[in-house]
Amino acid sequence: MRQKTKLIHGGISEDPQTGAVSVPIYQVSTYKQESVGVHKGYEYSRTGNPTRHALEELIKDLEGGKAGFAFGSGMAAVTAVMMLFNHGDHVVLTDDVYGGTYRVITKVLNRIGIDATFVDTSDVAAIEAAIQPNTKALYIETPTNPLLKITDLEEASAVAKKHNLLTIVDNTFSTPYWQNPIDFGADIVLHSATKYLGGHSDVVAGLVVVNSEQQAEDVHFIQNSTGGILGPQDSWLLIRGIKTLGIRMEEHEENAAKLVNFLIQHPQVTKVHYPGLESHPNHDIAKKNARGFGGMISFDVGSSEKADELLRKVKYFTLAESLGAVESLISVPAKMTHASIPADRRQELGITDGLVRISVGLEDIQDLIEDLENALS
Ligand SMILES: *Cc1c(COP(=O)(O)O)cnc(C)c1O
């Protein structure tokens, strides 16, 4: 089954009991047992729910793994995966990981003794140099936010394997439609499904896919023990969103390419970051990792004042955090998503005050270009 077909027919795409072509919302907490311990596969909805199960089977199929798990948010998914580790363990992570991931690692998980080092994982030698005797995992985000840096999934996973580390990939930006980290040797893939998978700015959710029976057992144990599950209504919304992921990603891609083409020629724009640009430092690796470059673009307008003015003037780009929705969104990372990072560290990473991030939506591209044209002039 090819990816677009899988989006629609993967997992459990209908209700076997009634023939309903959309999986029903099983709004239920507990299930009747015939006798003690004898049941139809469900006992209590924290442990398992048929609507959530359909979603978990779907994401498992889309990522090509052994089991899928749905959580109440992307951060709940990240946290559940990190619960695989113990006090005294160490993890190497991409240096510009999602801010919430940085926060949970450095302000919460550090308190229970999980240690971390953040490195530029686009440099495989830097990964290897950061590995310690107690390192248990390599955690990669690619492309990253907001500079769209790319890590070679195949090489990075190979280094991890050599040192007996688990490779964990946050695949939120590319989605399984474009990128399947398990094909390159990753062990665990996770998503903020709030973004492209949901796609309509109406659900907060997280997904995890593992590629071994042992990890399936372990993550299910953590999911059931800590309880950060996704409810049936939101599971259903996510299944609904995922059905159109293919056509949405194709269109995001087309709009992004046209917008990038406009931006690189604009005199007010000093720099454009997009993995699809041949001038992107890791363009070739982006092509190797994924079948598409995605709908996220960042560009520099030179100063905080100019960025503010741009954001005030745009009509169709909604000033908001988040990404991956049908609506085009615009933000200034230095003041919004990355404000918690100290200014000198931001400079070091290249997140300047004039950097603007766009999540290209599905509006008519001509309207989007005209909108930016007006705002930039
Ligand atoms: C948004 C996001 C998260 C966190 O997901 P939530 O659903 O907001 O909890 C994690 N990783 C990436 C790359 C994200 O964009």
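Counting convention: from 1, in listed order, for ligands and their atoms alike.
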Q | Min heavy-atom dist D170 to ligand 1 below 4.0 Å | A | yes

Q: Indicate yes or no: does K60 engage E56 in a salt bridge with an N to O separation below 4.0 Å.
A: no

For the residue pair [X] and [Y], confirm or rule out a side-chain donor-acceptor distance under 3.5 Å.
X: S328; Y: E363; answer: yes
X: S304; Y: K335; answer: yes
X: E63; Y: N171; answer: yes
X: D15; Y: Y26; answer: yes

**Q.** Minimum-distance protein heavy atom relative to atom 7 (O) of ligand 1
**A.** T194 OG1, 2.6 Å

**Q.** Which residue and heavy atom of the protein sit nearest atom 4 (C) of ligand 1, plus the separation
**A.** Y98 CE2, 3.4 Å

Q | Whether H252 and Y196 hold their rings parallel, tilted or perpendicular, with breakpoints at 30° and 60° | A | perpendicular

Looking at [X], which atoms of ligand 1 are within less than 4.0 Å of one of its heavy atoms?
X: S73; answer: 7 (O), 9 (O)
X: E141; answer: 13 (C)
X: K195; answer: 1 (C), 2 (C), 3 (C), 14 (C), 15 (O)

Q) Are any of the N/O atoms in V204 less than 3.5 Å from those in ligand 1? A) no

Q | G198, G74, A205: member with heavy atom nearest to atom 6 (P) of ligand 1 | A | G74

